[in-house]
Amino acid sequence: MGLRDLKRRLTATVDELDAERLLGRYQGLGLTPIAEARMREPVRLAGEVARLRMVPRSDAPSLEVTLSDGTGEAVAVFLGRRSLGGVTHGRGMVITGVAHLERGRRVILNPSYTLLADG
């Protein structure tokens, strides 16, 4: 590690360092960066689970999984689910579906998903 790199790492914010780590983790996998995901078109995104929350939609439970890849965030909404086995905070996921904007967020309803190995 050179002096420039050490200086940058010591002066960067935690958010900047986390974004850099995530960019490195999901680069080169043939995926669309979340910030570049086009609306109303099929997309394949990957990221780390940043938030999990259960919210009611139309009087039915739904699980919202927020993914972050260092460029932005996307929310995968699993309708009728309270949990998904293996989906925990910090876990890597690849999701495939059609994104749309909902209250300023990129949302994909009931995407197909693949859990990534930790590390």
Pair listing, ring pair (Phe, Tyr, Trp, His ring centres under 6.0 Å) test, anchored in [range], at least two apart:
range          : answer
residues 49-86 : Phe78-Tyr113
residues 34-60 : none
residues 43-68 : none

Legend entry - Euclidean distance, Met93 CE relative to Leu116 CG, rounded to 0.5 Å: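 If I round to the nearest 0.5 Å, the distance is 8.5 Å.
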Inset, instruction - Report the C-alpha distance between Leu31 and Val94 in whole Å, list the side-chain angles of each, state the deciding distance to 0.1 Å, and finish with yes or no for side-chain contact (heavy atoms from CB on, under 4.5 Å). - result: CA-CA 9 Å; Leu31 304 164; Val94 176; 4.1 Å; yes
Inset, instruction - Return the set of residues passing side-chain contact (heavy atoms from CB on, under 4.5 Å) with Arg103 (not counting sequence neighbours), or none when no residue passes. - result: Arg105
Inset, instruction - Using atom types as modelled and distance alone, determine if a side-chain donor or acceptor of Ser62 lies under 3.5 Å from a backbone N or O of Val55. - result: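 Yes, Ser62 side chain to Val55 backbone: donor-acceptor pair under 3.5 Å.
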For residues 95-102, tabulate all N or O donor-acceptor pairs below 3.5 Å that involve a side-chain atom, not counting sequence neighbours.
unit_1	atom_1	unit_2	atom_2	d
His100	ND1	Val107	O	3.3
His100	NE2	Glu102	OE1	3.3
Glu102	OE2	Arg57	NH2	2.5

Just wondering, do [Y] and [X] contact through their side chains at under 4.5 Å, heavy atoms?
X     : Y      : answer
Ile34 : Arg106 : yes
Ser68 : Glu48  : no
Leu79 : Leu63  : no

Pairs under 3.5 angstrom only: tabulate donor-acceptor contacts from the side chains of residues 80-89 to other protein residues two or more places apart or in another chain.
unit_1	atom_1	unit_2	atom_2	d
Arg81	NH2	Ser83	O	3.3
His89	NE2	Ala50	O	2.9

Legend entry - Connected via hydrophobic side-chain network under 4.5 Å: Leu45 and Leu115: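 Linked, Leu45 and Leu115 end up in one cluster.
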Legend entry - ILVMFWY cluster, Leu109 and Val65 together (side-chain gap under 4.5 Å): no
Inset, instruction - Tell me, please, which residues at least two apart from Arg38 pass salt bridge (Lys or Arg N to Asp or Glu O under 4.0 Å). - result: Glu41
Legend entry - Sequence-distant partners of Arg53, side-chain hydrogen bond (donor to acceptor under 3.5 Å, both in side chains), two or more places apart: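 side-chain hydrogen bond (donor to acceptor under 3.5 Å, both in side chains) list for Arg53, sorted by chain: Glu64.
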